[in-house]
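Each ligand, and each atom within it, is numbered from 1 in the order the structure gives.
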Amino acid sequence: MIVTVTLNAALDLTYRVPSLTPHTTHRVTEVSERAGGKGVNVARVLAALGHTVTVTGFAGGATGRTLREHLTRTSGLVDALRPVEGATRRTLAVVDARTGDTTQLNEPGPSVSSAEWSGFLAAYEELVGGSGVTAVALCGSLPPGVPVGAYALLVRAARAARVPVLLDTSGEPLRRGVAARPDLVKPNAEELAELTGAHEPSRATRDARRRGAHAVVASLGAEGLLAVTPEGTWRATPPAAVRGNPTGAGDSAVAGLLSGLVEGLHWPDRLARAVALSAATVAAPAAGEFDRSVYDDVLPKVTVSGKASAA
Ligand SMILES: O=P(O)(O)OC[C@H]1O[C@](O)(CO)[C@@H](O)[C@H]1O
C-alpha cells in the first residue's frame, strides 16, 4: 500500500472561459469540482493505475466533507484524512479556451492547531511504522499553523520505518525536507532554482542531491524530466508538447515515479511512465486525471537518454 500525505488538501474548481481578460466580467462555460491538493491528485492517478492508496492529511468544514465524498467515489483509495476545526481550502484554475493558458488561484488553507498537528504526527508515525506500506509521498504546501519543518519530521519518520519517501513541495519546507534526506524529490525548474540558486537544470539538480536528497527528478515542463540518481543520470522527453490544462501534470509525474518504484521498474521505464502520465494529464480536464488514449500513445514515444552509473 502506498501512502500519500496532503497536509493542505483542497477542493479544486476548474472554470473554462472563452477568453480571460483582466477588468472584465466572464461567463464560465464549463465548471468542474474535484478532490485535490497535490497528494490527493497523486493518489487518484495511482488508483487509476491499479494501486491501493491511503490518503492522509487534514480535512475540515463543508469543503472537507465534499472532498471526502469525492474520495469515496474513487475505488482504490482509503480515506485516512484527519479532521480539523478549520475548513479545507478551495483552489481555482481558470482555463482560457482561446489561448489554452491556465491561471491558478490557491487559497492559503485552514489554520491547524498544535494539538491537531501533534495528533496527525502520531497517527502518521503509526501508519508508516505499520506493516504493508511500500512508499510514502509528501506533497504540496503547508497550511497555516503547521511548522515549516513538518516535512523534515515526516521524512525522518518514514526513513526510520525504512519506507521509501518522496517529497514534492517548495520553498523553506522543501529546503528543510531535503536536508532530512528523502529518497526522492521532484521539484519543478522554479522550485529547484529557488532551492539551489542555480538556474541551469543539471547543475541545480546535482546541487539538490548534495543538499541531502538521495535522488532528484526535476520536471521541466514540455522538456520532460531530468533525473540525477545514485544509479545514473537520465533525461526523458515527450515526443511533442500536448495542448491543454497543465494543472496536476507534476502530480501525475510523481504518481508515475512512485508506481514505478514500488513495481521495481528500472529508472528509464519509471521516467517514461512519468512523462507519459504528465502529458496525458495535460490532455485531461482536471488535475488528478489523465487521458488513457494519450498515455498509451505517448508512452512508447518517450525518448530516454543517459546512462547508468558504473557499478
Ligand atoms: O499545495 P499547493 O502547492 O498549494 O498546490 C495545490 C494545488 O496544486 C494542484 O495540486 C495541482 O498540482 C491543484 O490540484 C491544487 O490543489
query: Would you call Glu263 and Arg270 a salt bridge, taking side-chain N to carboxylate O under 4.0 Å as the test?
result: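 No, no charged N to carboxylate O under 4.0 Å.
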
Charged N-O contact under 4.0 Å between Arg211 and Asp207: yes

Exercise for the section: Number the atoms of ligand 1 from 1 as they appear, then name those within less than 4.0 Å of a heavy atom of Gly140, with their elements. Expected result: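 Contacts of ligand 1 toward Gly140, numbered from 1: 1 (O).
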
Within the 4.0 Å heavy-atom shell around Gly248, which atoms of ligand 1 are there?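 The atoms of ligand 1 under 4.0 Å from a heavy atom of Gly248 are 11 (C), 12 (O).
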
More than 12 heavy atoms of other residues, nucleotides or ligands under 6.0 Å from CD of Glu223: is that the case? no

Could you check which of Gly37, Ser141, Gly109, Ala249 puts a non-hydrogen atom nearest to atom 1 (O) of ligand 1?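 Selected option, by shortest heavy-atom distance: Ser141.
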
Which option wins on minimum heavy-atom distance to atom 6 (C) of ligand 1: Arg90, Arg89, Gln104, Arg34?
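The nearest heavy atom belongs to Arg89.
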
Report the nearest protein non-hydrogen atom to [atom]: residue, atom name, distance rounded to 0.1 Å.
| atom | value |
| --- | --- |
| atom 8 (O) of ligand 1 | Lys38 NZ, 3.1 Å |
| atom 14 (O) of ligand 1 | Asp12 OD2, 2.3 Å |
| atom 7 (C) of ligand 1 | Asn106 ND2, 3.9 Å |

Do side-chain atoms of [X] reach the backbone of [Y] as a donor and acceptor pair under 3.5 angstrom?
| X | Y | result |
| --- | --- | --- |
| Tyr124 | Leu154 | yes |
| Arg159 | Pro182 | no |
| Thr66 | Ala62 | yes |

TODO: May I ask you to check whether Thr247 has an N/O atom sitting below 3.5 Å from an N/O atom of ligand 1?
DONE: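 No, since none of the N or O atoms of Thr247 sits under 3.5 Å from an N or O of ligand 1.
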
Using distance alone, decide if ligand 1 has a nitrogen or oxygen within less than 3.5 Å of any nitrogen or oxygen in Asp251.
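Yes, there is a polar N/O contact under 3.5 Å.
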
Exercise for the section: Give the minimum heavy-atom separation between Arg181 and Val155, together with the two atoms involved. Expected result: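 The answer is C-CG1, 4.0 Å.
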
